[in-house]
Number of protein chains: 2
Amino acid sequence: MFFAYTVGMHARHARGTRCRRRVGAGRWAVRARVERFVEPAILLLLRERTLHGYELIDLLPELTGGERIDVGNLYRTLRALEDDGIVTSEWSASLPGPAKRTYELTGEGRRLLDLWAEALRESQSIVASFLKRHDERR
Amino acid sequence: MFFAYTVGMHARHARGTRCRRRVGAGRWAVRARVERFVEPAILLLLRERTLHGYELIDLLPELTGGERIDVGNLYRTLRALEDDGIVTSEWSASLPGPAKRTYELTGEGRRLLDLWAEALRESQSIVASFLKRHDERR
DNA sequence: CGCAACATATGTTTTTTGCATATACTGTCG
DNA sequence: CGACAGTATATGCAAAAAACATATGTTGCG
């Protein structure tokens, strides 16, 4: 079956599936990303204001360096966050357009965001010292 | 069956299996790591001198912030790197103790390391701007 | 009406990481 | 000498994370 409109297509623009992939004879493409980075990214956006899933899809690239998140996994992540008490959601019938689920950060979510920030700072210092060591003797 | 000596035990010291895990009521532990970070770490160590697997196990924590890598996966990674022409290995019967496979970085491996460094720098700037935004309005 | 855009969701596969187990050699201490 | 700790490499399998594919319904507009 053919779909004129496929959300998944948004997420595809010259990415590969792997972290490192061959792009020619002896040529590689590498990308370095933080594991599960979407989670803190979602939390940060939600701390600023309540949002629904589709808005997050548009806003997340601001934080991920332009990379679009997989839509299916976003909604799954949101529901997981809700199960864990990190966000709450509400169907907002009021807004125009199709039904939207609006997400809000809880107090626990705010604390989790701060933990993520701490962890990211540690990661920054680990990577920084890697880069320092890399640049030392070239 | 019980094993007095299990290499895997080295790798266990109060880690969880997940990136984020619950450690109490409303309490979480988070760790932020770069995907596949062991790879550049191995390459950096091998650029400095040739090493065998077991030495890498001891040296890698220097670069990963103390975290010990899973031994089984280390050897698998090394073989994958060799398949990709990034390292070469040699059985060194000369050295005392059990047979050791000594790994050396190839020219391609050196180039890949530089690509990793570039990618890590990009990741640093993404995370840095996340943290900036996080710290702005508290 | 037909179609594009909006919105949420599930199913499946691949990649990456974690954990358990297997095997073998070497040095040493009792 | 022999049990045992330490060194060294390896495979099998499970779980977590990410990518990819598909499904479904609403709304607005030409």
Side-chain angles (χ1 to χ4, degrees), chain A residues 1-21 31-39 41 51-58 60 64 67-80 82 89-103, chain B residues 1-21 31-39 51-58 60 64 67-80 82 89-93 95-103:
Chain A
M1 205 175 191
F2 178 78
F3 288 90
Y5 168 69
T6 305
V7 180
M9 294 184 81
H10 283 294
R12 262 193 318 274
H13 63 115
R15 292 186 303 156
T17 175
R18 286 190 202 73
C19 206
R20 165 164 66 86
R21 68 188 202 280
R31 74 183 153 180
R33 292 174 309 174
V34 172
E35 264 178 56
R36 261 164 91 93
F37 187 65
V38 266
E39 183 171 304
L51 293 165
H52 56 263
Y54 211 79
E55 285 180 308
L56 280 166
I57 291 161
D58 282 335
L60 280 168
T64 59
E67 192 153 356
R68 279 188 163 273
I69 187 196
D70 179 78
V71 194
N73 290 338
L74 173 70
Y75 288 109
R76 253 188 289 248
T77 301
L78 285 170
R79 239 123 16 81
E82 188 164 19
S89 77
E90 213 179 317
W91 286 100
S92 31
S94 56
L95 298 162
K100 290 174 244 303
R101 216 172 184 177
T102 302
Y103 289 90
Chain B
M1 207 177 189
F2 179 76
F3 289 89
Y5 167 68
T6 304
V7 178
M9 294 185 80
H10 283 294
R12 264 197 314 275
H13 62 112
R15 291 187 304 155
T17 174
R18 287 190 203 73
C19 208
R20 164 167 66 85
R21 67 188 203 281
R31 75 184 154 181
R33 293 174 311 174
V34 173
E35 265 178 55
R36 260 163 91 93
F37 188 67
V38 266
E39 184 173 301
L51 294 164
H52 55 264
Y54 211 79
E55 284 180 307
L56 279 166
I57 292 161
D58 281 336
L60 280 169
T64 58
E67 191 154 353
R68 284 191 159 270
I69 188 199
D70 179 79
V71 195
N73 290 335
L74 173 71
Y75 288 109
R76 252 189 290 248
T77 301
L78 286 169
R79 240 126 13 81
E82 188 164 20
S89 78
E90 215 179 318
W91 285 101
S92 34
L95 299 162
K100 289 175 246 302
R101 216 171 183 177
T102 302
Y103 288 91

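Nothing here was measured: the structure is a model prediction, and the numbers come from that model.
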K.L.:
Checking side chain to side chain contact (heavy atoms under 4.5 Å, CB included) between B:Glu35 and each of A:Arg36, A:Glu35, A:Arg18, which is the one that passes?
P.N.:
A:Glu35

K.L.:
Output the rounded distance in Å from CD1 (B:Ile69) to P (D:dT9).
P.N.:
13 Å

K.L.:
Do the side-chain N or O atoms of A:Arg31 get closer than 4.0 angstrom to the phosphate oxygens (OP1, OP2) of C:dT15?
P.N.:
no

K.L.:
Could you check how far CG of B:Leu74 sits from P of C:dC19, rounded to whole Å?
P.N.:
16 Å

K.L.:
OH of B:Tyr103 versus C1' of D:dA8: gap in Å, rounded?
P.N.:
11 Å

K.L.:
So among A:Arg101, A:Lys100, A:Arg79, which one has a side chain to side chain donor-acceptor pair (under 3.5 Å) with A:Ser89?
P.N.:
A:Arg101

K.L.:
What's the spacing between A:Leu56 CG and A:Leu74 CG if we round to 0.5 Å?
P.N.:
5.5 Å

K.L.:
Nucleotides 15-17 of chain D: which of its N/O atoms have a protein N/O under 3.5 Å away?
P.N.:
| unit_1 | atom_1 | unit_2 | atom_2 | d |
| --- | --- | --- | --- | --- |
| D:dA16 | OP1 | B:Arg18 | NH2 | 2.9 |
| D:dA17 | OP1 | B:Cys19 | N | 3.2 |
| D:dA17 | OP2 | A:Arg36 | NH1 | 3.1 |

K.L.:
For the side chain of A:Arg68 and the backbone of A:Leu60, is there at least one donor-acceptor N/O pair under 3.5 Å apart?
P.N.:
no

K.L.:
How many whole angstroms separate atom CD1 of B:Ile57 from atom C1' of D:dT9?
P.N.:
9 Å

K.L.:
Quick check on C:dT10: is either OP1 or OP2 less than 4.0 Å from any side-chain nitrogen or oxygen of A:Arg79?
P.N.:
yes

K.L.:
Salt bridge or not between B:Glu67 and B:Arg33? Use side-chain N to carboxylate O under 4.0 Å.
P.N.:
yes

K.L.:
Looking at D:dA10, I'd like to know if its phosphate oxygens (OP1 or OP2) sit under 4.0 Å from a side-chain N or O belonging to B:Arg101.
P.N.:
yes

K.L.:
May I have the distance from A:Arg21 (atom CZ) to D:dA19 (atom C1'), rounded to whole angstrom?
P.N.:
13 Å

K.L.:
Starting at atom CG of A:Asp70, determine the distance to atom P of C:dT15, rounded to an integer number of angstrom.
P.N.:
15 Å

K.L.:
What nucleotide, of D:dC20, C:dG18, D:dT9, holds the atom closest to the side chain of B:Arg76?
P.N.:
C:dG18

K.L.:
Does D:dA8 have OP1 or OP2 under 4.0 Å away from a side-chain N or O of B:His52?
P.N.:
yes

K.L.:
Starting from the 5' end of DNA chain C, give me the residue, B:Gly72 or A:Asn73, whose nearest nucleotide shows up first.
P.N.:
A:Asn73

K.L.:
Mind calculating the distance between CD (B:Glu55) and P (D:dA8) to the nearest angstrom?
P.N.:
7 Å

K.L.:
Does any part of the side chain of B:Asp58, heavy atoms only, come nearer than 4.5 Å to the side chain of B:Glu55, both counted from C-beta?
P.N.:
no

K.L.:
With rounding to the nearest 0.5 Å, note down the distance linking CZ in A:Arg31 to CZ in A:Arg21.
P.N.:
7.0 Å

K.L.:
Nearest-Å distance, CD (B:Glu39) to C1' (C:dT16)?
P.N.:
12 Å

K.L.:
Check whether any side-chain N or O of A:Tyr75 sits under 4.0 Å from OP1 or OP2 of C:dT8, and answer yes or no.
P.N.:
yes

